[in-house]
Protein chains: 4
Amino acid sequence: LREPSLGPSFGMKGGAAGGGYAQVVPMEDINLHFTGDFHAITSANNLLAAMIDNHIYWGNALGIDQRRVTWRRVMDMNDRALRSIVSSLGGVANGFPREDGFDITVASEVMAIFCLASDLDDLKKRLSNIIVAYTRDRKPVRAGDLNAHGAMTALLKEALAPNLVQTLEGTPAFVHGGPFANIAHGCNSVLATTTALKLCDYVVTEAGFGADLGGEKFLDIKCRKTGLAPDCAVLVATIRALKMHGGVKKEDLKSENLKALGAGMANLARHVENVQKFGIVPVISINRFSADTDAEIALVKEHAKKLGVEALMADHWAEGGKGAADVARAVVKAAESGKSKLKLLYPDDMPLVEKIRTIATQIYRAKDIDVHKPVRDQLESFEKMGYGKLPVCMAKTQYSFTTNADTKGAPEDHVVTVREVRLSAGAEFVVAICGEIMTMPGLPRVPAADSIDVGTDGRIVGLF
Amino acid sequence: LREPSLGPSFGMKGGAAGGGYAQVVPMEDINLHFTGDFHAITSANNLLAAMIDNHIYWGNALGIDQRRVTWRRVMDMNDRALRSIVSSLGGVANGFPREDGFDITVASEVMAIFCLASDLDDLKKRLSNIIVAYTRDRKPVRAGDLNAHGAMTALLKEALAPNLVQTLEGTPAFVHGGPFANIAHGCNSVLATTTALKLCDYVVTEAGFGADLGGEKFLDIKCRKTGLAPDCAVLVATIRALKMHGGVKKEDLKSENLKALGAGMANLARHVENVQKFGIVPVISINRFSADTDAEIALVKEHAKKLGVEALMADHWAEGGKGAADVARAVVKAAESGKSKLKLLYPDDMPLVEKIRTIATQIYRAKDIDVHKPVRDQLESFEKMGYGKLPVCMAKTQYSFTTNADTKGAPEDHVVTVREVRLSAGAEFVVAICGEIMTMPGLPRVPAADSIDVGTDGRIVGLF
Amino acid sequence: LREPSLGPSFGMKGGAAGGGYAQVVPMEDINLHFTGDFHAITSANNLLAAMIDNHIYWGNALGIDQRRVTWRRVMDMNDRALRSIVSSLGGVANGFPREDGFDITVASEVMAIFCLASDLDDLKKRLSNIIVAYTRDRKPVRAGDLNAHGAMTALLKEALAPNLVQTLEGTPAFVHGGPFANIAHGCNSVLATTTALKLCDYVVTEAGFGADLGGEKFLDIKCRKTGLAPDCAVLVATIRALKMHGGVKKEDLKSENLKALGAGMANLARHVENVQKFGIVPVISINRFSADTDAEIALVKEHAKKLGVEALMADHWAEGGKGAADVARAVVKAAESGKSKLKLLYPDDMPLVEKIRTIATQIYRAKDIDVHKPVRDQLESFEKMGYGKLPVCMAKTQYSFTTNADTKGAPEDHVVTVREVRLSAGAEFVVAICGEIMTMPGLPRVPAADSIDVGTDGRIVGLF
Amino acid sequence: LREPSLGPSFGMKGGAAGGGYAQVVPMEDINLHFTGDFHAITSANNLLAAMIDNHIYWGNALGIDQRRVTWRRVMDMNDRALRSIVSSLGGVANGFPREDGFDITVASEVMAIFCLASDLDDLKKRLSNIIVAYTRDRKPVRAGDLNAHGAMTALLKEALAPNLVQTLEGTPAFVHGGPFANIAHGCNSVLATTTALKLCDYVVTEAGFGADLGGEKFLDIKCRKTGLAPDCAVLVATIRALKMHGGVKKEDLKSENLKALGAGMANLARHVENVQKFGIVPVISINRFSADTDAEIALVKEHAKKLGVEALMADHWAEGGKGAADVARAVVKAAESGKSKLKLLYPDDMPLVEKIRTIATQIYRAKDIDVHKPVRDQLESFEKMGYGKLPVCMAKTQYSFTTNADTKGAPEDHVVTVREVRLSAGAEFVVAICGEIMTMPGLPRVPAADSIDVGTDGRIVGLF
């Protein structure tokens with residue numbers, strides 16, 4: 001599983017260690033500092049940032065163009081005020097002013113690297129490869145050029161060990177790493193997954209943000225890089241969400257609506273197809289909500305049957321492990337069948353722009369992509385720098401197959417506009433940003449922090 | 001003892017867990033993230049900052065004047081680029097632009113509060129009292145008005161428990177808290193001290209930055225607030241430093257120079273007098289350096305005898321506990337004598353400006369203080385707001401009794417200019433800034449981080 | 001004619017008072033400060049800006065949201081450093097920090113108002129109507145609310161009188177006003193035109209940036225507002241430009257190329273059609289260049305004949321008035337014919353978005369327009385505020401019918417994307433910005449200023 | 001006389017062309033754009049600024065350190081929002097961000113140069129000598145290095161001719177130039193003065209801000225550089241002001257108060273002495289106010305007699321030239337006596353810091369000056385760069401002999417702190433800034449612009 005970030009915990013979402021009888025514990029700690037992994041990542045990221053500005057300050061031997069520093073600072077906080085800043089103000093002693101900004105820690109390339117590193121050496125090598133800036137004549141400057149990677153590795157050394165926790169029922173679970181699914185690949189650490197595989201017969205992992213976005217990235221990035229291949233994919237659905245995809249408004253979700261549910265199944269059907277394109281056998285797990293009616297459940301199961309996929313109800317929230325037993329059995333069956341044969345969506349040597357097009361047309365079912373000249377030029381420059389073989393990490397809304405969060409269902413014929421591309425040379429992927437993607441959230445009008453408190457008994461309240 | 005900050009560890013000073021045979025262990029951990037206390041303080045400080053800007057963003061019901069936000073963000077890093085920034089740029093969605101900046105974590109008022117809090121409730125109350133901004137008509141706005149203190153307390157809850165470590169010889173030691181001795185009171189946490197007092201017969205604690213600066217603050221702030229009273233004060237001196245106070249240049253310190261040493265003793269004599277003014281019996285511990293000659297040692301002892309104080313050599317660096325045995329015996333003798341009777345320097349109800357004058361003339365032996373009109377006005381406004389009874393926390397160079405770091409020895413007749421005053425309403429003291437005091441250091445040309453690394457054996461090198 | 005701006009004069013373009021024998025004099029003065037009109041406009045624009053920030057500073061009774069100040073400062077200079085700034089830094093006494101920027105003076109709405117005002121009272125009324133900011137709840141704040149319009153009018157009073165100059169041959173000419181054709185309507189002042197019409201039989205005026213852009217704006221904005229209606233339109237072409245539209249590269253323009261010229265005529269044909277759509281009789285004036293060949297000239301004339309339009313050579317550069325006599329005769333003939341009957345392109349009460357669509361499809365021959373949701377919302381808000389009847393002022397590259405400067409010839413089937421819309425409530429039009437439009441140019445690598453000098457004889461050199 | 005600036009005209013002071021019967025006309029024009037001289041100076045100043053940033057943008061061949069650009073932009077406006085800005089924001093295309101700011105036009109070194117230049121060639125040479133920035137290794141970069149001086153001279157060429165106007169009675173007067181008396185030397189142009197001297201028998205000129213500040217600068221800077229030497233000095237006093245120097249509050253000035261007036265005479269006596277130190281014969285002109293009583297007038301005359309100086313009433317406000325006839329006669333007598341022999345206060349080759357000390361102790365009667373190390377270092381660096389022989393231009397409040405505007409009368413024993421020094425290498429003086437000096441004023445709560453308007457008759461109202 002991924003570790004939760006402090007930002008959202010104090011912001012809108014509340015904690016992220018589960019709920020009801022489906023919790024990992026110690027829940028309170030996991031939602032706060034836990035083992036300090038995120039703090040270590042924050043420190044490593046910001047040490048690199050400080051060393052960049054320090055290098056410029058002390059003569060700038062590498063000739064860094066301060067307008068072209070691409071490395072941003074991070075904070076594990078939802079803080080819109082830091083999205084865009086001007087730093088190094090206040091005179092000669094504070095360095096050369098430049099436009100700068102903070103992302104949330106989970107959006108740091110260090111987080112992505114941390115999750116993809118196979119061991120300490122690989123971590124150091126990847127950190128060294130991070131491109132932090134360009135010179136006036138557009139030559140890349142790397143963390144290794146600043147000799148920052150050693151100290152960064154020292155800061156991350158302890159954190160790299162996966163954190164073993166347990167569920168309320170005592171099942172062991174690794175909670176380790178957690179890159180932003182918006183901007184990065186959204187999976188927990190490779191080390192946690194491989195460690196788990198050595199210890200157990202069945203390992204369940206998650207890929208944030210849907211089978212189209214998170215699933216594609218899990219398979220095309222994490223599996224591609226590590227040789228991992230899943231034996232089965234669980235598609236988690238809720239009847240609520242399917243009804244929304246069928247056109248029901250949020251306030252009407254509590255009433256039975258078979259027609260809308262039927263229409264919304266088109267969305268689920270597409271996820272099934274997408275998973276099958278990768279050669280993986282899908283199983284559908286319907287997370288039970290109290291408003292779900294029998295007719296609705298029957299409808300979903302019937303549709304699933306037509307798709308040739310098993311759909312099962314899961315109620316681990318209310319019943320713990322027992323509630324998910326049916327799903328678990330179906331998963332075991334699918335996994336044991338040996339039918340899953342991972343087929344990556346595109347080969348390494350496809351040009352970057354074609355990789356983006358492939359994902360957009362094959363997975364999001366777009367008619368085409370729209371890539372403006374400057375973005376196209378940048379992709380070409382990445383290829384010239386030798387990064388053409390990297391996979392592409394799509395950054396897109398998770399609420400729609402299109403780039404418009406409001407377009408529900410299973411749309412076709414839309415165009416995916418690539419607004420910006422970024423090179424994560426250390427994490428070893430190219431990020432394609434489609435639509436408005438926020439790398440530093442803000443707090444809501446009444447943030448969760450408003451009701452978090454420590455009682456007179458010394459217990460924390462309001463955290464989840 | 002105080003916890004070390006990551007900033008200097010990766011900057012100039014190297015780690016701060018001791019050296020030679022006088023170390024606390026696990027040294028590597030203590031110098032890195034340790035138990036995450038500093039990260040918790042950083043998070044609490046920055047959550048408050050985010051909530052301030054968020055409040056302004058969502059309608060600003062409290063009428064905060066964004067030019068008068070006094071709460072700064074912090075980072076546990078030496079980063080001059082963040083000293084002075086403009087935040088909330090980038091358009092309407094990112095909030096109201098304002099001048100802002102980062103201090104190093106140890107300079108946060110949260111750190112000072114953390115170290116002075118007597119328990120979790122006191123911590124929460126003090127956090128709530130922090131003044132973070134003023135309205136357009138100069139009314140204070142507190143952390144409690146933003147309802148931030150509960151969540152901040154939750155973030156600090158685990159960190160508040162003192163960290164028990166041990167020396168290489170197995171002696172238990174608490175390493176907990178560490179406010180910036182420049183800007184705050186520079187002592188470890190009250191909780192660590194009181195916990196230790198319950199466990200042992202003799203408790204040794206430190207007060208950063210000299211008997212004039214650190215010692216005064218330890219007694220007039222920490223002891224005043226807690227009722228603690230030391231039975232003996234150890235003045236730590238080195239022959240090197242005394243020779244510098246006698247006028248020897250850094251490059252000539254290795255040669256014997258009795259004349260300069262004699263002159264430099266005036267500095268030590270004044271520290272002795274200062275401690276005696278507080279009613280405490282001093283003992284002088286001369287930390288041995290290899291270049292110290294017998295004649296020099298004899299001279300110091302002789303001078304000390306004239307002052308009526310015991311001076312003893314300590315060589316714990318080379319010999320561990322055994323090396324400091326003489327000093328320890330003298331301390332026990334002094335403590336057991338019962339002669340120490342703590343006498344605070346000024347009463348609570350002395351006007352703030354007079355408190356500053358008292359410290360400057362009595363301890364620094366200045367002729368007078370120089371307080372400009374705007375600073376004087378601000379002190380008066382603090383008194384009107386009801387903060388007149390707070391003690392004063394002097395922020396001044398530790399290298400001289402004057403505000404000029406180069407003026408060595410035991411100067412008199414100098415004038416102490418108070419450049420700025422700040423109200424730490426949560427920590428419950430008024431900071432008087434005299435001369436240039438940096439609250440966010442920068443990295444040197446070749447930072448320590450440059451040589452910190454993790455070897456192929458997984459061990460960290462270059463950290464100390 | 002329009003007055004030249006200092007910015008380009010010291011930047012790339014050199015002066016703008018003509019060349020060869022076709023000059024207005026005193027040329028040197030016209031290219032420098034002339035009668036100070038631009039300085040007066042600069043002062044009026046910036047007085048308003050200062051009064052906005054001053055209002056916010058002194059209590060902000062109108063509740064201006066400083067993030068939503070839309071009024072920018074101006075300078076009559078090419079200065080990229082001022083395009084985007086943060087102002088009011090430096091502490092409480094300097095006001096509330098905000099994102100701000102400078103445009104070049106000609107892009108000021110004051111310039112547009114100045115050119116469209118029918119008299120001093122109308123000027124004052126329009127200045128008063130300028131929307132300078134919005135409150136937090138999106139109510140407009142006008143210059144009149146700040147009581148700035150009176151003082152602005154006082155600053156502009158003298159400048160409003162048209163400047164009468166003469167050509168080298170003594171023909172009188174008004175040089176007055178000069179709004180940026182990129183962002184505004186690009187015609188000289190209404191007062192100069194109406195004054196001229198009272199004095200002469202034939203008045204020639206110009207509309208910057210092509211018949212598609214400048215011509216459309218002259219007719220749909222200036223003529224619509226004033227009731228003026230031209231008797232004839234002169235389309236100025238060069239064989240060089242037509243060859244470029246036919247696909248010839250800049251470096252090959254000196255060789256005869258009939259095929260490309262023929263292809264390029266499609267561009268001219270479309271301009272002819274566009275003018276005819278407005279009900280105006282066009283005459284084509286081909287400004288002679290030395291590289292034009294007889295065959296090329298013949299080809300253009302022949303094509304023109306097919307379009308039913310007279311095309312004549314003009315060589316006023318080399319021959320002064322005599323060189324343009326043929327064109328003049330054709331113009332008189334066309335004007336006297338009485339065939340021109342001005343027909344505006346769209347009615348006042350067409351919705352704003354439809355006005356944009358009409359111009360794009362009818363004049364630029366786009367397939368459609370692309371207006372994103374936020375832009376569409378803004379247009380609607382303009383309509384709700386009562387500005388739905390205003391004409392639209394297109395801001396678009398002058399180098400192509402499309403928004404891409406490199407697309408030459410007579411393209412069809414393109415889509416015009418409206419990036420941004422701005423309300424000029426004083427000038428009384430809505431600006432629709434399509435593509436990248438710069439409102440503050442920069443200086444080139446070697447600016448013209450580099451070679452401008454005053455000789456020992458006191459004469460200015462290098463200005464044109 | 002000096003030309004008025006638009007800033008104060010629209011701000012607090014109202015116009016500056018006199019009042020009552022003592023006006024120069026056309027008053028309205030003089031207070032607005034007049035002959036455009038200030039606009040020309042603004043343009044020249046800002047062209048240089050644009051060329052600096054443009055040079056940095058296009059490769060920075062001169063190696064300018066953007067933190068050490070000392071040349072500021074100017075605007076003829078009171079605009080506090082522009083005092084301190086960050087420019088070149090918005091990405092790579094807008095250049096390198098830096099801290100920047102605007103002064104009011106009159107504070108531009110171009111203005112000072114303009115007023116001290118003896119002819120067009122001298123103007124160009126001085127413009128070329130302006131130091132605009134320093135390189136990273138502290139080498140000065142001059143306007144001439146950027147090749148900006150030629151174009152700047154072209155912009156100033158017309159303005160350099162003195163503007164001849166007349167008083168209401170028809171006496172000719174030159175109104176030309178007007179450097180900020182705060183930061184520059186505060187006299188009208190050398191060219192106007194020398195032109196006037198060729199035309200008339202008696203030429204009266206002014207020196208802004210008192211005999212101590214303006215007078216000293218007139219003599220030690222303007223006269224030193226040009227060889228001019230006045231035959232007589234008129235000290236302008238008012239009984240109101242003398243009473244304030246004697247301790248009367250503003251609201252009590254209307255009542256007779258002989259005792260305070262007597263005390264206040266000490267201030268006038270010192271001005272007399274100061275003028276006499278320069279070897280010039282003073283005449284006192286008492287500008288009449290309606291509240292002045294006979295007893296008060298008699299007292300002033302009596303005191304003046306004791307000082308051996310003639311004191312005469314002047315009432316040109318009510319009576320025009322006739323009202324000042326007595327003063328004029330006294331001036332003629334003094335001038336004809338030939339007793340004035342100009343003696344400069346200090347020789348050219350006195351070290352800069354001693355020049356400052358001489359002015360402070362001799363003219364302001366300070367006990368000493370206080371020059372901090374960084375300021376002292378800078379003065380030394382000016383001397384090393386070859387500017388040691390320049391005179392010093394004091395920037396200090398005009399309301400007191402001390403640096404504290406509230407200290408009235410004839411104080412002694414005060415210390416003048418030099419806060420900052422600036423090198424005006426083109427104007428050829430060193431500015432010593434003592435106390436808080438504002439180089440960009442702000443508008444008051446209700447600016448004069450609020451009531452300036454153009455009536456329906458086309459006349460400007462509210463300007464004076």
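Naming: A, B, ... by sequence-line order, numbering from 1 per chain.
To the nearest 0.5 Å, the span separating CZ on A:Arg67 from CG on D:Leu89 amounts to 12.5 Å. With rounding to the nearest 0.5 Å, the separation of CZ in A:Phe96 from CD in D:Gln66 is 5.5 Å.
The interface of residues 136-149 of chain A with chain D, defined by heavy-atom distances below 4.5 Å, comprises A:Arg136. Within residues 50-58 of chain D, the residues having any heavy atom under 4.5 Å from a heavy atom of chain A are, by residue number, D:Ile56, D:Tyr57, D:Trp58.
Taking all atoms of both residues into account, the shortest heavy-atom contact from D:Pro97 to A:Arg98 is CG-CA, 4.1 Å. Of all non-hydrogen atoms in A:Val92 and D:Arg68, the two that sit nearest each other are CG1-NH2, 3.3 Å.
Annotation: side chain to side chain donor-acceptor pair (under 3.5 Å) contacts of A:Asp79 (sequence neighbours excluded): B:Arg73. Considering only residues two or more places apart in sequence or on other chains, D:Glu383 meets the side chain to side chain donor-acceptor pair (under 3.5 Å) condition with none of them.
At a 4.5 Å heavy-atom cutoff, the contact between D:Asp65 and chain A is made by side-chain atoms alone.
Contact count versus chain A (heavy atoms, under 4.5 Å) is highest, among D:Ser88, D:Gly95, D:Ser84, for D:Gly95.
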